[in-house]
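This structure is a prediction, so every number in the text was calculated from the model and none was measured.
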Amino acid sequence: MSGPNVPTAPSPTGQDNAVVEQLSASPVVEELAARFDAAGHRLYLVGGSVRDAVLGRLSGDLDFTTDARPDRITALLKGWADATWDTGIAFGTVGATKRGQTVEITTFRADAYDGVSRNPEVTFGDTIEGDLVRRDFTVNAMAYDVVDRVLIDPTDGRGALRDRVLDTPATPQESFSDDPLRMLRAARFVSQLGFRLAPRVREAMTAMSAELGRITAERVQAELSKLLTGDHPRAGVEVVVDTGLADVVLPELPAMRLEIDEHHQHKDVYHHSLVVLEQAVDLEDGPEPDLVLRLAALLHDVGKPDTRRFEEGGGVSFHHHEVVGAKMARKRLRALKYSKEITEDVTQLVYLHLRFHGYGTGEWTDSAVRRYVTDAGPLLSRLHKLVRADCTTRNKRKANALQRTYDDLERRIERIAAEEDLKRVRPDLDGNEIMRLLGLPPGPLVGRAWKFLKELRLDRGPLDHDEAVAELLAWARAEGVEPPTGCPE
């Protein structure tokens, strides 16, 4: 990277020092500082831990940088750390734990990229200033000298934090050419920190968005997940779409901008999906952000562009968009290397999100309610939230009616669940009894009989034993299976 014009940073304020000095208050930091200092090496806390400290929200992350080379770091940690690992040593990073605290120490870096490869060619630097100016954003280009207790801020990261703006230490073009993932990381910080992009950063991201195609799916997925679980996911998504990054990694999102939703309540399906995302976030009730719910909210209508039909009278329909959308969501999440569990859970939520609209004003039978619960399985709570979030009409009377109707469905689910164990709907006869009654060995026919009894259970609710046996025998005879002599009629 060529050297940027580094502005002179203002002197640390007393408040900055008071906050950041808390970083070095832990015994682990003090012990490391003394160990490296005694060996003649510099040691600095760096990156997000310093950024968050200046923001006044101390985090548990302890990332250090040093002039010591990786083999020297390893030697200095030997005999002090409870455990060490060197999985990142190719990039100059050595990890360690001490009394339950995890630390990572990285040699000063001066990375270089060839503009084609997806990973940096690591070269080590010699100064903290040189290390800082190669970092992604000025808010992350601050360091705290844990020996001399001095805040080092060569690119005025504190000013950027004060103004809540994301800018790059070098020119954005240099920074993003070095690592195109930094463009997606910028959107992630918009979501996590509530910052805005510097105009030159937004311009460079828009002009260079295609470069994101050089990055592996795994790295893209990690940034998208962090973006979606931030405090302001809508703002992060809007950056990804508006700059063209989504065209490269999540093209289903910008495709929805072309579609007017059938109720004409939103500018387009894309903006409707952003509102659903916000409303789903508001409905979360767990201690951590729900990535599965947020992905489902964002992707629930991705099938609409491919199912749009113009009706007589000027209307627009999207028949079976939930089926098409589920297939599209699965394909995209697999391409982004999401886990099988996340992929299947999001896909199932997309597939089921529209089913409630067949409920009408309560016309569903108890059988239909059982099927709704059974098909949702462990996703039922998330499905409740997604369906409620999907109500974005600005007509208050209609919105209230939809919410009351869903309240009614939830009450029915609670009532039936109190009478039956809906979470564990099983046939009234198990596989062993089916085989005994029909005189069958294990095999596909037993599975068909089990499925028949489960469908019967969903339709009619729990049956008493004699009734279940009679239904099984009647089914068997209709299938050409003659029960053994002595079975009850």
For Glu218, does the CD atom have more than 12 heavy-atom neighbours from other residues, nucleotides or ligands under 6.0 Å away?
yes

Would Asp67 and Arg72 count as a salt bridge (charged side-chain N to carboxylate O under 4.0 Å, His left out) if you check the C-alpha gap in whole Å, the side-chain angles of each, and the deciding distance to 0.1 Å?
CA-CA 10 Å; Asp67 60 332; Arg72 185 65 175 146; over 6 Å; no

Distance only, no hydrogens: is a donor on one side chain within 3.5 Å (strictly under) of an acceptor on the other, for Glu344 and Thr347?
no

Result for salt bridge (Lys or Arg N to Asp or Glu O under 4.0 Å) between Asp153 and one of Arg51, Arg158, Arg135 points to Arg158

Hits for side-chain hydrogen bond (donor to acceptor under 3.5 Å, both in side chains) against Asp163, two or more places apart or cross-chain, chain-then-number order -> none

Under 3.5 Å, side-chain donor or acceptor atoms of residues 88-95 against the rest of the protein: list the pairs with distances, not counting sequence neighbours.
| from | atom 1 | to | atom 2 | distance (Å) |
| --- | --- | --- | --- | --- |
| Thr93 | OG1 | Thr106 | OG1 | 2.7 |

With the side chain counted from C-beta on, respond yes when Val146 and Leu32 share a heavy-atom pair under 4.5 Å apart, and no when they do not.
no

Is Thr65 close to Ile105 at the side-chain level, that is, under 4.5 Å between some pair of heavy atoms?
no

Check whether any side-chain N or O of Ser339 sits under 3.5 Å from a backbone N or O of Ile342 as a donor-acceptor pair, and report yes or no.
yes

Donor-acceptor pair, His271 side chain versus Asp268 backbone, under 3.5 Å?
no

Hits for side-chain hydrogen bond (donor to acceptor under 3.5 Å, both in side chains) against Arg334, two or more places apart or cross-chain, chain-then-number order -> none

With His384 via ring-ring contact (aromatic ring centres under 6.0 Å, His included) - residues at least two apart
Tyr406

Listed by chain and number, what are the salt bridge (charged side-chain N to carboxylate O under 4.0 Å, His left out) partners of Arg99, not counting sequence neighbours?
Glu31

Go through the structure and list residues passing side-chain hydrogen bond (donor to acceptor under 3.5 Å, both in side chains) with Ser225, not counting sequence neighbours.
Tyr338

So Tyr144 and Tyr44, do their side chains get closer than 4.5 Å, heavy atoms only?
no

Any Gln403 side-chain heavy atom under 4.5 Å of Cys391 side chain:
yes

With sequence neighbours left out, which residue pairs that include part of residues 276-303 fulfil the salt bridge (charged side-chain N to carboxylate O under 4.0 Å, His left out) condition?
Arg234-Glu278, Glu284-Arg294, Asp285-Lys385, Asp290-Arg382, Asp301-Lys304

Do the side chains of Thr155 and Leu132 get nearer than 4.5 Å, heavy atoms only?
no

Side-chain (Ser49) to main-chain (Val46) donor-acceptor, under 3.5 angstrom
yes

Salt bridge (charged side-chain N to carboxylate O under 4.0 Å, His left out) partners for Glu203, two or more places apart:
none

Please name all residues satisfying salt bridge (charged side-chain N to carboxylate O under 4.0 Å, His left out) with Asp145, sequence neighbours left out, ordered by chain then number.
Arg42

Within the 6.0 Å centroid threshold, strictly below: His272 and His300
yes

Taking only residues two or more places apart in sequence or in another chain, which ones pass salt bridge (charged side-chain N to carboxylate O under 4.0 Å, His left out) with Asp242?
none

Is the backbone N or O of Ala141 less than 3.5 Å from a side-chain atom of Thr138, with the two atoms forming a donor-acceptor pair by type?
no

Are Arg355 and Asp375 within salt-bridge range, i.e. N to O under 4.0 Å?
yes

Mind checking whether Gln192 and Thr229 have side chains closer than 4.5 Å, heavy atoms only?
no

With sequence neighbours left out, what residues match Glu252 under side-chain hydrogen bond (donor to acceptor under 3.5 Å, both in side chains)?
Arg332

Are the side chain of His357 and the backbone of Leu354 linked by a donor-acceptor contact shorter than 3.5 Å?
no

Would the distance check show the side chain of Gln279 and the main-chain N or O of Ala389 forming a donor-acceptor pair, the cut-off being under 3.5 Å?
yes

dist Ser273:OG -> Leu298:CG (nearest 0.5 Å) comes out at 6.5 Å

Non-neighbouring partners of Tyr372 that pass ring-ring contact (aromatic ring centres under 6.0 Å, His included), sequence neighbours left out
Trp364

4.5 Å side-chain heavy-atom contact, Leu349 and Val292
yes

Checking the side chain of Asp390 only, and the main-chain atoms of Leu386 only, is there a donor and an acceptor separated by less than 3.5 Å?
no

Would you confirm whether Asp131, through its side chain, and Arg109, through its main-chain N or O, come within 3.5 Å as a donor-acceptor pair?
yes

When you measure from the side chain of Thr107 to the backbone of Ala68, do you find a donor-acceptor pair of N or O atoms at a distance under 3.5 Å?
yes

In sequence, state the C-alpha distance, the side-chain angles, and the governing distance for Asp179 and Arg219, and then conclude on salt bridge (charged side-chain N to carboxylate O under 4.0 Å, His left out).
CA-CA 11 Å; Asp179 185 359; Arg219 295 180 73 204; 3.0 Å; yes

Short N-O contact, Asp407 and Arg388, less than 4.0 angstrom:
yes

Donor-acceptor contact below 3.5 Å, side chain Ser191 vs main chain Leu227
yes

Looking at Arg182 and Glu223, does any basic side-chain N land under 4.0 Å from a carboxylate oxygen?
no

